[in-house]
There are 2 protein chains.
Amino acid sequence: MARSRRSPSNDAPARGALLDAAETLMLEEGYAAVTTRRVAARAGVNNGLIHYYFGTMDSMFVDLFRRSVGRSFAQMPTTSSTQPLWEMWEAMRDFSGNALMSEFIALSNHRPLVREEIASQSALVREAHVVEMSRVLASYGVVEPEASPAAIGLLMMGTARFLQMEAAFGLTVGHDDLIQVIERRIAMLEGDRIRTA
Amino acid sequence: MARSRRSPSNDAPARGALLDAAETLMLEEGYAAVTTRRVAARAGVNNGLIHYYFGTMDSMFVDLFRRSVGRSFAQMPTTSSTQPLWEMWEAMRDFSGNALMSEFIALSNHRPLVREEIASQSALVREAHVVEMSRVLASYGVVEPEASPAAIGLLMMGTARFLQMEAAFGLTVGHDDLIQVIERRIAMLEGDRIRTA
DNA sequence: GTCTATAGCTGGATAGAC
DNA sequence: GTCTATCCAGCTATAGAC
């Protein structure tokens, strides 16, 4: 397949390096540290290149967010999983994108473009979650209305995020208790977690 | 009681006006909008005054956070509440400090002083929550280990925060479902919510 | 206490050489 | 594509007049 010659190219090494640098900075020092100069320095290129590839910083943030969402989608448990609930729960808990997401949310407060992107992408992600959760619960014979698939998904997601956020501040009181409550429920449906690794 | 003459005074009108202005800016446009110039402009004073009262911006953020935590403490359900769980749940849900808290968390990522302050204050707040929750559950005869007081508190808090965050992006799928799940549990212990107003 | 003025820095963005 | 050089805006913080 012949390489198209449109400029600027979408898969140039420097472009990816810039996104990587921006993501690392965002995780390590917060979004306020993501400036043209610092991103470029970490990527080992000149800051002018950011505008060459992305136009504006707004646009770079949007591209970075899209890349991150794409990854989390690719990581979602497949239909053929043997323990889909366990896998969802683990994905929600250890997904390092949680920290990144917190930064994007704060960022969206003063960058309308980022805000719109988060809103639309999040709606898609949640829709996919609900579809998957409904399928899984139906297969286990769980019926409403004790808790709808959407509610269960929200509960797991909210808990995972909150625990992670607290832990980042050294707060862990009650964490193990809450994790056990949730995992006991999961185990009732699909048994103890089978370690694959 | 004679007014002490230490300078700068802690209850000067300008000082409070500056904190109010900073809080409003933080909520409306995110912490990045909280600069000396913008805060001073909104408070209707000169930006030099910020350094006069607080020294540095770091220090101003810490003072602002303390004030906010103090308020949320004052708002906590009292021991004599007739429906303490309902009141806690409502305080967790509509407390506008939730939005402010998100900003402080993001801010803490690159301001060590703010980070330490949040960590220590949050530990105190959670401790108070657990004590209160234990007392309430014990009075209802709820026993462990189905769910410890700390776990229940975490679950409510995490859910309240997550729902509010999602709602800020226009995401409300499954929210009513989840709220009902939680409120049904509360109602099992202390009956339907009695409207006081 | 509150102001003006300013020093000194860092940021986003662009023009143009290579 | 990648660089150097540069413009202009906005920031924190301080000095000193009132």
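Values below: all heavy atoms of this structure, side chains included; hydrogens, waters and symmetry mates excluded. In what follows, chains are A, B, ... by sequence order, proteins preceding strands, each numbered from 1. For clarity, every value in this text was computed on a predicted model and none was experimentally measured.
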Legend entry - Residue A:T56, side-chain heavy atoms: nucleotide from C:dA13, C:dT4, C:dG1 that is nearest: C:dA13

Inset, instruction - Answer with base, sugar-phosphate or nothing: what part of the nucleic acid does A:A14 contact at a heavy-atom distance below 4.0 Å? - result: sugar-phosphate

Inset, instruction - Tell me which nucleotide among C:dT2, C:dT14, D:dA13 gets nearest to the side chain of A:H51. - result: C:dT14

Legend entry - Candidate list A:E29, A:E103, A:E28, test side-chain hydrogen bond (donor to acceptor under 3.5 Å, both in side chains), partner B:N109, passing option: A:E103

Legend entry - Protein-nucleotide distance (B:I50, atom CD1; D:dC11, atom C1'), rounded to Å: 12 Å

Inset, instruction - Return the nearest nucleotide to the side chain of B:M57; candidates are D:dA13, C:dG12, D:dT2. - result: D:dA13

Legend entry - Minimum-distance nucleotide (side-chain atoms of A:R37 versus D:dC3, D:dT2, C:dA13): C:dA13

Legend entry - Nearest non-hydrogen partners of B:Y31 and B:F61, listed with the distance: O-CZ, 4.5 Å

Inset, instruction - Decide yes or no on side chain to side chain donor-acceptor pair (under 3.5 Å) for A:Q121 and A:E117, but give the supporting numbers first. - result: CA-CA 6 Å; A:Q121 295 286 327; A:E117 186 68 18; 3.2 Å; yes

Inset, instruction - Provide, to the nearest angstrom, the distance between the OH atom belonging to A:Y53 and the P atom belonging to C:dA13. - result: 18 Å

Legend entry - For B:E132, salt bridge (charged side-chain N to carboxylate O under 4.0 Å, His left out) partners two or more places apart: B:R135

Inset, instruction - Taking only the side-chain nitrogens and oxygens of A:Y52, find out if one of them lies under 4.0 Å from OP1 or OP2 of C:dT14. - result: no

Legend entry - Selection from D:dG1, C:dG1, C:dT4 that lies nearest to any side-chain heavy atom of B:N46: C:dT4

Legend entry - Spacing of A:R38 atom CZ relative to C:dG12 atom C1', expressed in whole Å: 16 Å

Inset, instruction - When you get a sec, tell me which of D:dG1, C:dG12, C:dG1 is the closest nucleotide to the side chain of A:T35? - result: C:dG12

Inset, instruction - Send over the distance from A:N47 CG to C:dA13 P, rounded to a whole Å. - result: 11 Å

Legend entry - Value in whole Å for how far the P atom of C:dG12 lies from CG of A:L49: 15 Å

